[in-house]
Asks: 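Below is one structure. I have some questions about it.
Order of appearance sets the numbers: ligands from 1, and atoms from 1 within every ligand.
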Amino acid sequence: KEKVEITKEQQALVKSIVDAYNRHQIPQDVTKKLLQEQYSAEENFLLLTEMATNQVQVLVEFTKNIPGFLSLDREDQIALLKGSAVEAMFLRSAQVLSKRMPNGYKEVLKERVRNSGMSEEFMTPMFNFYKSIDELQMVQEEQALLTAVTILTPDRPYVKDYQAVERLQETMLVVLRKLCVLQHPQDPQYFARLLGRLTELRTLNHYHAEMLTSWRMNDQKFTPLLCEIWDVQ
Ligand SMILES: CC(C)NC(=O)n1c(-c2ccccc2)cc2c1CN(S(=O)(=O)c1cccs1)CC2
């Protein structure tokens, strides 16, 4: 039975990432709007646009707090942000839905998402992902580190210094694995299941790209920030 313990510096790393993660929550007013404003596909689409735009701003701030990220090549920093933006959005969405909410809130949220002009074929994989994250019941340290691991994926398009990114991601994975062993001693497969979610997350990139095309066909408007991070028009 391996004796797993977290070093002082690993504890400091986790603390800085969790603080950054908690500092940047989706503002209550936006989620409140999702619960109050009237239903209509257009209305729901606008609310999602607002939430997703806000989340990108939150993502950039969170990423700047990942130890070592700002010492990466600047163009690689951009490549990592653009390459992980959609995955981070779906991961954050799943984490929002796995939170405890006053009963009925979750159903309204889900209903809004279902009625926002997305075609049915994307709903299933997206909601399956939300469910698979919910089943993991991650603690906030795991959520924050998993988000950092997603951002620090070295094989994103246009990344030049692959090794530098891989080293940073490896540091996060080592700590995340220890946390999983300590947090879920009864489930030795937990860390592996966590990483399996990242594979599922990657498949959502494909669906998102298709979603974008279908929305643009119906002339749906996005914010400049979303257009920039998603590389659309
Ligand atoms: C929490 C935020 C980051 N989540 C969010 O905005 N969602 C959520 C969602 C899921 C669970 C609870 C609350 C919200 C579902 C979807 C999105 C955004 N996207 S999008 O970025 O492609 C989009 C932007 C504009 C039109 S479509 C579509 C799918």
Asks: Nearest heavy atom to atom 20 (S) of ligand 1: which of Phe90, Phe222, Trp230 does it belong to?
Replies: Trp230
Asks: Using a heavy-atom cut-off of under 4.0 Å, does the side chain or the backbone of Asn54 touch ligand 1, or both, or neither?
Replies: neither
Asks: From atom 16 (C) of ligand 1, work out which of Leu226, Leu48, Val108 has a heavy atom at the shortest distance.
Replies: Leu48
Asks: Run through Glu142, Gln137, Gln189 and flag the one making a side-chain hydrogen bond (donor to acceptor under 3.5 Å, both in side chains) with His184.
Replies: Glu142
Asks: Lys15: which residues meet the salt bridge (charged side-chain N to carboxylate O under 4.0 Å, His left out) condition with it, sequence neighbours left out?
Replies: Asp19
Asks: Got a sec, which residues hit side-chain contact (heavy atoms from CB on, under 4.5 Å) with Tyr162, two or more places apart in sequence or on another chain?
Replies: Pro154, Asp155, Glu166
Asks: Below a 4.0 angstrom heavy-atom separation, can you tell me which part of Met211, side chain or backbone, both or neither, approaches ligand 1?
Replies: neither
Asks: Does Thr49 reach ligand 1 with a nitrogen or oxygen that is under 3.5 Å from one of the ligand's nitrogen or oxygen atoms?
Replies: no
Asks: Please classify the Lys110 to ligand 1 contact at 4.0 Å (heavy-atom distances, strictly less than): side chain, backbone, both or neither.
Replies: neither
Asks: Within the 4.0 Å heavy-atom shell around Ala52, which atoms of ligand 1 are there?
Replies: 6 (O), 21 (O), 24 (C)
Asks: Counting only heavy atoms not in Gln11, do more than 12 fall under 6.0 Å of its CD?
Replies: yes
Asks: Can you list the ligand 1 atoms lying under 4.0 Å from a non-hydrogen atom of Tyr130?
Replies: 10 (C), 15 (C)
Asks: Please check this pair: side chain of Lys178 against backbone of Val4, looking for a donor-acceptor N/O pair closer than 3.5 Å.
Replies: no
Asks: Within the 4.0 Å heavy-atom shell around Gln55, which atoms of ligand 1 are there?
Replies: 3 (C)
Asks: Let me know which of Glu141, Gln140, Gln95 forms a side-chain hydrogen bond (donor to acceptor under 3.5 Å, both in side chains) with Tyr21.
Replies: Gln95
Asks: Counting distance only, does the side-chain N/O of Asp231 pair as donor-acceptor with the main-chain N or O of Cys227 below 3.5 Å?
Replies: no
